[in-house]
Structures are given as structure tokens and as C-alpha cells.
Amino acid sequence: MRTQSTTQPGTGIVVKRQADCETYVGTSRLTKILIDRTSGIRGASLSWVTMPPGGETEKHEKNETEIIYVVHGSLRLNTPRGSVVMEAGDGGAIPPRTLHSHENCGRDWNQFLVILTPDGPEQGFRGRSILEKTIVDS
């Protein structure tokens, strides 16, 4: 189910609830695109990413600046020149054309926000499988 962003009357502010966003299944991660061009916003995007312990994204580089804020857990950013570990509450920026990967180096699922500026690459998630329901072990 795809939900629409809502513009708050009289403000021009776009609001999108994380719970209402589709969850795209990627290599070692789940991604929700919160704000992007389909929300009527151009120039930047905001995505919510969760990753299991030991999960790591494929190495990639973008022409955009990638800003990361760790909400929960630990995240290691790996580049050919070294690695940096970020903990909950840490923010960081990856300059354009920097080869890197994201790795969950903690014991629990982590959660982090990704802002891309300018927007665009997040649209690649829209072609991936959508998680229809979440199964939790009891």
C-alpha cells in the first residue's frame, strides 16, 4: 500500500509517517524512503534504514553527499582508506564519489537515517521487493 505525503494546511510542510512508508528489502538492510521527490520535495531525500547484526551493504559510491545519523546501535563506515565507527547519536557525512559500505558492527539491529543531497539515488530502492509483513520470534 503506497500512502501519500500530507502537506500541513497553511504551512507548506510535508509530513510522512514512517509507519505508513513501504519497506524495501535490500542486501542486508531494510529501507523506508520517508521524503523524496514523490513527496513534492526536490534537492534532498530522507530514508530510514535498519540492518541486522553483521549486515553490510555492497560497496558503492554516489555523486551526491550522503549524510548519516545513527538512531540506534553501531554503524561502521568502510572506505579503502579506513573505517569509522558511529554510535547512536553520531552524525557523519560521506563526500560525493567516495567508495564506501555500511556495516552493522553491533549485537542488535541498528537504525540510521540517510539524507542524500541532491536527491535521486534513493529511487533505486523502489524497484526492490517490498516487505509485506514482519515476523517476530516469540
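Predicted model only: the values in this text are computed from it and were never measured.
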Next item on the list: Taking the side chain as every heavy atom from C-beta outward, state whether Arg97 and Asn63 have any pair of such atoms under 4.5 Å apart.
Entry: yes

Check: Are any side-chain N or O atoms of Asn104 and backbone N or O atoms of Pro52, one a donor and one an acceptor, separated by less than 3.5 Å?
Finding: yes

Item checked: Qualifying residue, where the test is side chain to side chain donor-acceptor pair (under 3.5 Å) with His102 and the options are Arg29, Glu66, Lys59 -> Glu66

Check: Do you know which two heavy atoms are closest between Gly92 and Met86, and how far apart they sit?
Finding: N-CE, 3.4 Å

Next item on the list: Evaluate the side chain to side chain contact (heavy atoms under 4.5 Å, CB included) criterion for residues Tyr24 and Glu22: first the C-alpha distance (whole Å), next the side-chain angles of each, then the deciding distance (0.1 Å), finally the verdict.
Entry: CA-CA 6 Å; Tyr24 299 99; Glu22 293 176 322; 2.9 Å; yes

Note to self: Please say yes or no: joined through hydrophobic side-chain contacts below 4.5 Å, possibly via intermediate residues, are Leu113 and Ile115 part of one cluster?
What the structure shows: yes

Next item on the list: State the NE2-OG1 distance between His100 and Thr57, to the nearest 0.5 angstrom.
Entry: 6.5 Å

Item checked: Reported OG-to-CE distance for the pair Ser74 and Met51, which is rounded to 0.5 angstrom -> 12.0 Å

Checklist line | Atom pair CD1/CG of Ile94 and Leu77 - distance to nearest 0.5 Å | finding: 4.5 Å

Next item on the list: Please report the shortest heavy-atom distance between Pro53 and Asp108, naming the atom on each side.
Entry: CG-C, 3.7 Å

Item checked: Passing option when Val114 is tested against Val49, Leu34, Ile33 for side-chain contact (heavy atoms from CB on, under 4.5 Å) -> Val49

Notebook entry, point to check: Hey, are Glu61 and Thr98 close enough side-chain-wise for a donor-acceptor pair under 3.5 Å?
Noted result: no

Check: Any donor and acceptor pair, going by atom type alone, linking the side chain of Thr79 with main-chain N or O of Arg81 inside 3.5 Å?
Finding: yes

Note to self: Taking Ile67 as the starting point, is it possible to reach Tyr69 by hopping between hydrophobic residues whose side chains are less than 4.5 Å apart?
What the structure shows: yes

Next item on the list: Rounded to the nearest 0.5 Å, what's the gap from CG on Leu46 to OG1 on Thr117? Could you check?
Entry: 12.0 Å

Check: To the nearest 0.5 Å, how far apart are OG in Ser101 and CD in Glu56?
Finding: 3.5 Å

Check: When clusters are formed by joining ILVMFWY residues with side-chain heavy atoms under 4.5 Å apart, either directly or through shared neighbours, do Trp48 and Ile68 land in the same one?
Finding: no

Checklist line | Nearest-0.5 Å distance that lies between atom CG in Leu116 and atom CD1 in Ile35 | finding: 13.5 Å

Notebook entry, point to check: Under 4.5 Å between any side-chain heavy atoms of Pro118 and Glu64, yes or no?
Noted result: yes

